[in-house]
Amino acid sequence: MHVVKVKVSCAHQEGEFIPGITVLEAITQLCPDQAKEALVAEINGEVKDLTTKINNDCQIKPLTWNDEAGRRALRHSAAHVMAQAVKQLFPEAKLAIGPAIEDGFYYDFAVDNPFTPEDLEKISTCMEQIIDQDLAFIRQEMARDEARAYFVAKGEQYKVELIDDLPPDATISLYQQGDFVDLCAGPHIPSTGYIKAFKLLSVAGAYWRGDEKREMLQRIYGTAFANKSDLEAHLRLLEEAARRDHRKIGRELDLFSLQEEGPGFPFFHPKGMILRNELEAFWREEHRRAGYQEIRTPTILSQELWQKSGHWDHYRENMYFTEIDNRGFAIKPMNCPGGILVYKSRSHSYRELPLRLAEMGLVHRHERAGALHGLMRVRCFTQDDAHIFMLPSQITEEIKGVIDLIARIYQVFGFNYQVELSTKPENAMGSDDIWEEATASLKKALEEKGMEYKINEGDGAFYGPKIDFHLQDCLGRTWQCGTIQLDFLMPECFELDYIGEDGEKHRPVMIHRTCLGSIERFIGILIEHYAGAFPTWLAPVQVRILPITDHQSGYAKEVAVKLDQARIRAEVDGRNEKVGYKIRDAQLQKIPYMLIVGAKEIDNGTVAVRHRDQGDLGALTVDRFIQEIGREISEHRTGRGN
RNA sequence: GCCGAUGUAGCUCAGGGGUAGAGCAGCGCAUUCGUAAUGCGCCGGUCGGGGGUUCAAAUCCCUUCAUCGGCUCCA
């Protein structure tokens with residue numbers, strides 16, 4: 001009898017097996033130490049179940065919790081367990097989709113009554129039972145008609161819709177654990193017992209297929225881990241993130257407020273304004289060096305202007321309108337038309353180009369009530385805008401220049417960022433050819449810079465494609481900040497021109513761009529990034545002077561005056577409290593330096609320096625301290641320091 | 001805009017049909033103190049707004065506004 005053998009290699013080990021052996025069995029024999037850890041495996045580059053039978057020679061790579069695919073499989077399986085529990089408790093619930101996501105999973109259900117927090121507890125308890133039963137995940141492939149009939153019979157109309165939308169050649173697979181069957185491509189972990197720790201986190205509404213015209217489903221978010229301590233660590237991380245929330249810190253440090261009287265219209269308090277002004281001063285210096293000139297254009301401009309620019313047709317539902325002396329006006333949602341009017345106020349020679357006109361412009365946009373979020377999404381914000389008017393031949397260099405400027409600015413704050421290229425949206429002006437040309441120019445610049453980027457189809461501005469720079473908040477949610485948009489259309493709408501070398505009129509090309517994006521949003525990101533402990537150059541209060549008793553209050557005030565003369569932002573805590581109390585308060589206010597002054601310091605003309613993070617740094621003369629903090633401030637601001 | 005939750009003093013929160021509570025902050029007095037909270041006292045709320053049920057509403061119901069978590073949308 002002839003016995004066929006398959007050659008399997010795993011972690012540099014090789015073996016021959018009779019066909020039909022499972023991946024897990026092969027791993028157990030070849031690399032036993034990994035068998036316990038494996039969740040799924042990569043077979044010839046494809047991620048598969050451990051229960052997959054091997055019939056051909058192949059290479060196996062066990063994937064564990066330490067692999068992205070391993071984590072996803074475990075969490076996706078947890079989503080199935082949750083769905084099983086929901087069907088058990090609420091048999092009338094209809095299943096939609098339940099994928100693994102960053103740090104967890106969710107599952108969408110159609111139910112008559114939304115889930116309550118008590119429902120979540122019940123579901124959780126039921127899930128624990130399912131996990132205890134250690135039910136195997138069993139994969140089954142089915143013909144399309146058969147699968148369709150199966151889900152029609154079960155009344156799972158969302159699954160039917162999913163099947164109908166699968167490409168004709170797709171393999172249709174079902175996964176079963178216990179009596180629960182779900183349409184699913186997989187892969188899954190071998191059995192429910194692999195889920196060692198999970199937690200259901202929240203319920204939220206979500207439109208079926210993300211389409212607001214379709215019905216709203218109930219989504220349950222949860223997370224799962226391979227062991228309990230990792231879950232606990234993750235939950236602690238979430239708590240810590242909540243402590244960094246810019247809305248909380250903004251209130252605690254008295255930086256800004258949001259009030260019922262102005263939903264989405266933030267109020268900046270004195271300390272928030274210091275932060276803002278420092279940020280703007282830094283921005284102005286960087287832009288001056290990069291060859292920009294600053295302008296300022298009006299907030300209210302005539303309605304006809306917005307009709308001409310295309311905003312009336314493409315952006316009206318986001319705009320606020322008003323009337324002056326029976327004439328229609330709009331409150332600007334963007335700065336570009338204003339910048340264009342400045343350009344048009346006189347004629348330009350090719351010798352002036354590129355002309356870089358920057359504007360800290362306050363724009364108002366109507367955002368839907370449910371979308372507002374602290375300083376991150378508001379209804380009025382200041383864009384650190386600029387419009388670059390240039391020759392077509394200057395496009396790539398100018399885009400690269402902006403990329404460099406943004407990188408330089410972010411580097412001062414130590415931000416990591418993601419870059420996206422957004423292409424033509426549905427609601428766009430202009431021909432496909434123009435869009436293609438503009439998109440290709442952006443791509444070219446990105447590629448010449450060797451930047452990694454993701455393509456974001458259909459997310460461009462209505463007048464042009466854009467490169468977006470996304471920063472993360474405390475919970476890892478990303479927010480668009482910088483943007484570079486290439487525009488051939490506005491110059492056309494406004495008949496912009498310059499006089500070329502040939503003495504004839506030519507049409508310039510425009511770049512619209514921001515670095516910080518919105519000052520408000522950027523400050524929100526900064527607050528969360530630093531958890532309120534701003535570097536000294538940005539800190540609203542840089543130094544607090546703490547007299548030990550009121551015998552030192554005169555000296556404390558003298559020190560404060562000296563610091564003020566050196567443009568160091570200092571205040572005296574003259575309250576009748578012990579120094580420990582004052583230190584605690586200054587620490588909680590995240591003030592970088594505390595200067596403690598007692599009798600000794602008066603005698604020696606010094607201050608006892610305590611740093612927010614480094615603690616007691618010993619005594620220095622006031623002049624020496626001013627010199628050192630001054631150096632720290634100027635080094636940080638230029639990004640040459642740490 | 002949609003789904004759900006929440007709204008009580010400046011802040012953090014308790015109370016849940018029968019006269020509004022605590023801690024912190026603030027103010028006053030005592031204390032004069034050396035690196036994360038000294039003690040005592042005082043002030044402070046028409047319980048988000050409007051309507052209803054009730055002898056009586058912070059509490060129950062309706063409605064509206066705002067906020068929070070999502071969805072959608074976008075700097």
Side-chain angles (χ1 to χ4, degrees), chain A residues 106 108 111 113-117 119 201-221 242 245 247-248 251-252 254 257-264 315 317-318 333-334 361 363 365-385 422 425 459 461 466 468-471 475 477 479-483 485 514-522 524-525 546-553 575-588 594-601 608-612 615-618:
Chain A
Y106 68 78
D108 287 348
V111 280
N113 299 307
F115 299 112
T116 63
D119 291 338
L201 297 169
S202 61
V203 195
Y207 298 107
W208 168 235
R209 304 209 135 174
D211 183 346
E212 64 177 322
K213 288 180 198 71
R214 302 278 242 131
E215 57 271 45
M216 179 152 281
L217 308 172
Q218 292 300 314
R219 173 172 298 178
I220 303 178
Y221 283 95
D245 192 310
R247 294 165 296 192
K248 183 174 150 66
R251 190 170 48 238
E252 287 168 352
D254 201 13
S257 61
L258 286 154
Q259 318 223 15
E260 286 215 14
E261 289 79 355
Y315 208 72
E317 65 280 18
N318 287 303
M334 296 189 194
V363 298
R365 297 182 183 177
H366 181 73
E367 290 294 337
R368 304 214 266 186
L372 301 177
H373 181 101
L375 290 181
M376 303 295 197
R377 180 164 290 107
V378 290
R379 286 181 173 150
C380 76
F381 57 96
T382 307
Q383 285 186 308
D384 67 314
D385 218 335
S422 295
D459 215 32
K466 54 182 188 167
D468 295 330
F469 294 74
H470 294 251
L471 298 175
L475 286 172
R477 294 177 288 211
W479 299 91
Q480 187 191 313
C481 289
T483 181
Q485 311 172 346
T514 66
C515 299
L516 312 177
S518 134
I519 301 298
E520 288 74 6
R521 176 177 287 182
F522 198 81
I525 298 273
L546 315 180
I548 285 174
T549 73
D550 54 18
H551 298 310
Q552 289 90 38
S553 57
R575 290 177 298 182
N576 182 6
E577 293 289 353
K578 299 213 281 196
V579 73
Y581 178 94
K582 297 181 186 181
I583 287 171
R584 178 181 154 82
D585 193 63
Q587 286 285 153
L588 292 174
M594 286 152 263
L595 301 183
I596 292 137
V597 295
K600 262 189 289 179
E601 284 72 25
V609 182
R610 181 189 163 102
H611 185 265
R612 168 177 73 187
D616 193 346
L617 299 178

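Throughout, a chain's letter reflects where its sequence line sits, starting with A, and its residues are numbered from 1. The shown structure was predicted, so the numbers you read here are calculated from the model rather than taken from an experiment.
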In whole Å, measure the gap between the [atom1] atoms of [N] and [M] for me.
N	M	atom1	answer
B/rA9	B/rG23	P	16 Å
B/rG45	B/rG39	C1'	27 Å
B/rA5	B/rC47	P	23 Å
B/rU46	B/rA58	P	13 Å
B/rC62	B/rC68	C1'	23 Å
B/rG50	B/rA66	C1'	15 Å

[Y] side chain reached by [X] side chain, heavy atoms, under 4.5 Å:
X	Y	value
A/Leu546	A/Leu595	no
A/Asn318	A/Pro333	no
A/Arg584	A/Glu577	no
A/Leu217	A/Arg219	no

Select base, sugar-phosphate, or nothing to describe what [X] touches, counting heavy atoms under 4.0 Å on all strands.
X	value
A/Lys582	nothing
A/Met376	base
A/Val363	nothing
A/Ala586	nothing
A/Gly374	sugar-phosphate
A/Gln480	sugar-phosphate
A/Glu215	nothing
A/Gly210	sugar-phosphate

Requested in this report: Can you tell me the distance, in whole Å, between the NE2 atom of A/His611 and the C1' atom of B/rU35?
Outcome: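 Taking atom C1' of B/rU35 as the reference, NE2 of A/His611 is at 15 Å.
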
Query raised in the report: Picking from B/rC71, B/rC33, B/rU67, which would you name as closest to the side chain of A/Arg219?
Result: B/rC71

Query raised in the report: Of the candidate nucleotides B/rC74, B/rA75, B/rU35, which contains the atom at the shortest distance from the side chain of A/Ala608?
Result: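 Nearest to the side chain of A/Ala608 among the choices is B/rU35.
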
Report task. Please indicate yes or no: is the ring centre of A/Tyr221 less than 5.5 Å from the centre of the six-membered base ring of B/rG70, with the two planes inclined by under 30 degrees? Result -> no

Which pairs of donor and acceptor atoms, one on a side chain in residues 372-383 of chain A, lie under 3.5 Å apart (sequence neighbours left out)?
{"from": "A/Arg379", "atom 1": "NE", "to": "A/Glu367", "atom 2": "O", "distance (Å)": "2.9"}
{"from": "A/Arg379", "atom 1": "NH2", "to": "A/Glu367", "atom 2": "O", "distance (Å)": "2.7"}
{"from": "A/Thr382", "atom 1": "OG1", "to": "A/Arg276", "atom 2": "NH2", "distance (Å)": "2.8"}
{"from": "A/Thr382", "atom 1": "OG1", "to": "A/Glu520", "atom 2": "OE2", "distance (Å)": "3.3"}
{"from": "A/Gln383", "atom 1": "OE1", "to": "A/Asn335", "atom 2": "ND2", "distance (Å)": "3.4"}

**Report entry** Sugar-phosphate or base contact per nucleotide [nucleotides 2-7 of chain B; S, B, -; heavy atom under 4.0 Å]
**Finding:** BBS--B

**Report entry** Secondary-structure stems, RNA chain B, at least 3 Watson-Crick or G-U base pairs under 3.5 Å
**Finding:**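 The stems are B:1-7 with B:65-71, B:10-13 with B:21-24, B:26-30 with B:38-42, B:48-52 with B:60-64.
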
Is any side-chain N or O of [X] closer than 4.0 Å to OP1 or OP2 of [N]?
X	N	answer
A/Lys466	B/rA75	yes
A/Arg610	B/rG34	no
A/Arg214	B/rU72	no
A/Arg247	B/rC68	yes
A/His366	B/rC74	no

Query raised in the report: So does A/Arg368 reach the base of B/rU72 with its side chain, donor to acceptor, closer than 3.5 Å?
Result: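 Under the 3.5 Å cut-off, the side chain and the base do form a donor-acceptor pair.
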
Query raised in the report: Between the side-chain atoms of A/Glu367 and the base atoms of B/rA75, is any donor-acceptor pair under 3.5 Å?
Result: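 Looking at the base of B/rA75, it does pair with a donor or acceptor on the side chain of A/Glu367 (distance under 3.5 Å).
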
Which atoms of nucleotides 26-28 of chain B (N or O only) lie under 3.5 Å from a protein N or O atom, and what are those distances?
{"from": "B/rG26", "atom 1": "OP1", "to": "A/Arg575", "atom 2": "NH1", "distance (Å)": "2.8"}

Query - Partners passing ring-ring contact (aromatic ring centres under 6.0 Å, His included) against A/His551 (at least two apart in sequence or in another chain) - result: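 With neighbours one apart ignored, the set is empty.
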
List every contact pair, protein side and nucleotides 9-12 of chain B side both N or O, where the distance is under 3.5 Å.
{"from": "B/rU12", "atom 1": "OP1", "to": "A/Arg251", "atom 2": "NH2", "distance (Å)": "2.9"}

